[in-house]
Amino acid sequence: MRTDRWWLRRTLKTLLVLVIVLVVTLGGYIGYVAVRRGQQVTLPAPAGRYPVGRTTADWTDHARTDPLAPRPGMPRELSAWLWYPAAPAPGAPPAPYAPGAWSGLHMGGLPGLGEISFDDIRVHAVADAPVAVGRFPVVVLEPGLGLAAPQYTTLAENLASHGYLVAGITPTYSANLTVLNGRPVSATPAGNPQDSDAAAMRPANDRLVSVWAADDRFAATRVAALAATGRFAGHVDAATTMYLGHSFGGAAALQACHDDSHCAGAADLDGTQFGTVVHSGLGKPMMLLASQSSCITGTCRPSNADEQSERDAARALLAASTGPVWSYRLNGAEHFNFSDYGAYYLAAPIRSVVGLGSIDSDEALTITNAYLAAFVDHVARGLPEPLLAGRPSPYPQVEVQRTAS
């Protein structure tokens, strides 16, 4: 009996010590997260020669009835963020990362406590700065499904610094949040359908990508119209337009380029391809940049039906395309390394859920910026780009799968 009591007391003491250690460790980690999320983070610096300006606009396409809106008969409305080569006043402060209602892009609830405050994210663009001297080709950029254009600030600022007018379009009712005329607008089931069966979802995604591609082409026409009056008068080279996007936005970029006879080329960042372009192909220059586990370049070994469907779509697209193709895999990267999530501070449990790989996050964005800028410069301006011709890549994380040079 005494032995039992001794064993019980010893067990209780051990458990108490373990609980104390756990509480102290957890408390210490919570404190560490609280400190880190309050530290300022500056997005990777643009590599081009131009300072960057930024402005926003709300556009309405009166020629289209929005099939994703909660009420029938509504015209399609879109938020546009414009990044451009600028000539800001000396010492002009950078714009806020997500001003006003856009702050709602921050994670809510308990996960939000492990994400950096948007007030502590520093960008490089100056709000409403004067446009630099020159005429600049147009790049239309769309986000992944559920995300918004501001969450691709790193990519947009870099392209603008290389001399492009970048229109970031947030697909209304597909993004978890967009802001129109100062009011937040959420996704609808039609705009952001949810189903775990990739094969069953393909017809719905084919229809949705046609809406997004039409958004891209509408944005290109609105940017072209900016050349007539206002800040951008005389600064828009609308004859040269390229479409880029991440994830579903990448699929939309390929479809938009297919549908737009004026398109110079398109780039898909880790986006499963949908739409008629999959089987009819693209006759313009195309770049595919995949994460490590992606099948969007058609070269993976599928481990499930979803990956098989993704690989089949990529192979059909490549087989039908007649334009030059560059394709790459970024080893160590996962799906969201192509967005600003890679530059945020996120607590470890959130990072694992969001989908960020083992690659250094800033380095992943720097590499993505280098390939995007090389592709756009080569296609839009005809500049020779050794990065596109090289095998192997100067970046050890990049696996060159196909090069047209």
Side-chain angles (χ1 to χ4, degrees), residues 137-142 144 198 202-203 205-217 220 240-291 294-302 307-330 338 368 371-385 387-391 393 398-405:
V138 176
V139 173
V140 180
L141 172 67
E142 274 201 309
R202 182 158 283 277
N205 285 333
D206 286 341
R207 290 190 295 272
L208 184 59
V209 86
S210 69
V211 176
W212 283 40
D215 291 345
D216 275 348
R217 290 184 288 111
T240 307
T241 298
M242 299 189 68
Y243 297 102
L244 316 176
H246 171 233
S247 193
F248 204 79
L254 299 182
Q255 185 65 49
C257 191
H258 170 273
D259 297 342
D260 183 357
S261 61
H262 300 294
C263 171
D268 173 6
L269 305 179
D270 213 37
T272 303
Q273 296 91 11
F274 296 100
T276 59
V277 69
V278 169
H279 296 290
S280 57
L282 191 62
K284 308 289 180 63
M286 170 172 58
M287 186 174 77
L288 307 176
L289 182 56
S291 63
S294 173
C295 293
I296 68 118
T297 59
T299 59
C300 72
R301 294 181 179 179
E307 291 180 357
Q308 180 73 52
S309 176
E310 186 177 90
R311 189 185 71 171
D312 290 348
R315 288 184 171 182
L317 168 71
L318 292 170
S321 294
T322 57
V325 179
W326 292 263
S327 65
Y328 308 91
R329 184 183 307 282
L330 184 53
F338 300 103
T368 301
Y371 275 92
L372 274 180
F375 174 71
V376 173
D377 277 346
H378 180 66
V379 174
R381 294 190 167 112
L383 300 178
E385 290 292 342
L387 186 62
L388 299 183
R391 281 182 180 269
S393 169
V398 175
E399 177 185 330
V400 181
Q401 299 187 333
R402 184 167 176 171
T403 177
S405 298

So, taking the atom named [atom1] in [X] and the one named [atom2] in [Y], what distance separates them when rounded to the nearest 0.5 Å?
| X | Y | atom1 | atom2 | result |
| --- | --- | --- | --- | --- |
| T272 | N205 | OG1 | CG | 8.5 Å |
| E399 | S393 | CD | OG | 11.0 Å |
| R329 | R402 | CZ | CZ | 14.5 Å |
| M242 | L372 | CE | CG | 9.0 Å |
| Y243 | K284 | OH | NZ | 9.0 Å |
| M287 | W326 | CE | CH2 | 9.5 Å |

Tell me which donor-acceptor pairs under 3.5 Å the side chains of residues 313-322 have, and how far apart each pair is, sequence neighbours excluded?
{"from": "R315", "atom 1": "NE", "to": "G298", "atom 2": "O", "distance (Å)": "2.9"}
{"from": "R315", "atom 1": "NH2", "to": "G298", "atom 2": "O", "distance (Å)": "3.4"}
{"from": "S321", "atom 1": "OG", "to": "L282", "atom 2": "N", "distance (Å)": "2.9"}
{"from": "S321", "atom 1": "OG", "to": "L317", "atom 2": "O", "distance (Å)": "2.7"}

*asked:* Under the criterion side chain to side chain contact (heavy atoms under 4.5 Å, CB included), I'd like the reasoning laid out for V140 against L244: C-alpha separation, chi angles, the key distance, then a yes or no.
replied: CA-CA 6 Å; V140 180; L244 316 176; over 6 Å; no
When you compare the side chain of [Y] with that of [X], does any pair of heavy atoms fall below 4.5 Å?
| X | Y | value |
| --- | --- | --- |
| D260 | R217 | yes |
| D268 | L289 | no |
| F375 | L387 | no |
| S309 | R202 | yes |

Closest heavy-atom pair and its distance - [X], [Y]:
| X | Y | result |
| --- | --- | --- |
| A389 | T403 | CA-OG1, 4.0 Å |
| S247 | G144 | CB-CA, 3.7 Å |
| H258 | S280 | NE2-OG, 2.9 Å |
| A266 | C257 | CB-CB, 3.7 Å |
| V379 | P285 | CG2-CB, 3.7 Å |

*With sequence neighbours left out, what residues match R311 under side chain to side chain donor-acceptor pair (under 3.5 Å)?*
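With sequence neighbours excluded, R311 shows a side chain to side chain donor-acceptor pair (under 3.5 Å) to no residue whatsoever.
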*Return the set of residues passing side chain to side chain donor-acceptor pair (under 3.5 Å) with S294 (not counting sequence neighbours), or none when no residue passes.*
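D270.
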*Partner residues of R381 under the salt bridge (Lys or Arg N to Asp or Glu O under 4.0 Å) criterion, sequence neighbours left out*: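 So R381 forms a salt bridge (Lys or Arg N to Asp or Glu O under 4.0 Å) with D377.
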_Can you list everything that forms a salt bridge (Lys or Arg N to Asp or Glu O under 4.0 Å) with D216? Sequence neighbours excluded, please._
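For D216 there are no salt bridge (Lys or Arg N to Asp or Glu O under 4.0 Å) partners, ignoring immediate neighbours.
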*R301, CZ: over 12 other non-hydrogen atoms inside 6.0 angstrom*: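 Counting other residues, nucleotides and ligands, CZ of R301 stays at 12 neighbours or fewer.
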*asked:* Test your reading of the model: is there a side-chain donor-acceptor pair from Q273 to the backbone of I296, 3.5 Å cut-off?
replied: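 Checked: pair present.
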*asked:* Quick one: does any side-chain atom of H378 pair with a main-chain N or O of L383 as donor and acceptor, under 3.5 Å?
replied: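 Here the side-chain-to-backbone pair exists.
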*Using a distance-only test with no angle check, is there a side-chain donor-acceptor pair under 3.5 angstrom linking Y328 and T297?*
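Not at all, the side chains of Y328 and T297 share no donor-acceptor pair under 3.5 Å.
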*Just by distance, with hydrogens left out, do Q255 and S210 show a side-chain donor and acceptor under 3.5 Å apart?*
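No.
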*Among all residues two or more places apart in sequence or in another chain, which pass the ring-ring contact (aromatic ring centres under 6.0 Å, His included) test with F248?*
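If we apply the ring-ring contact (aromatic ring centres under 6.0 Å, His included) test to F248, skipping adjacent residues, the hits are W212, F274.
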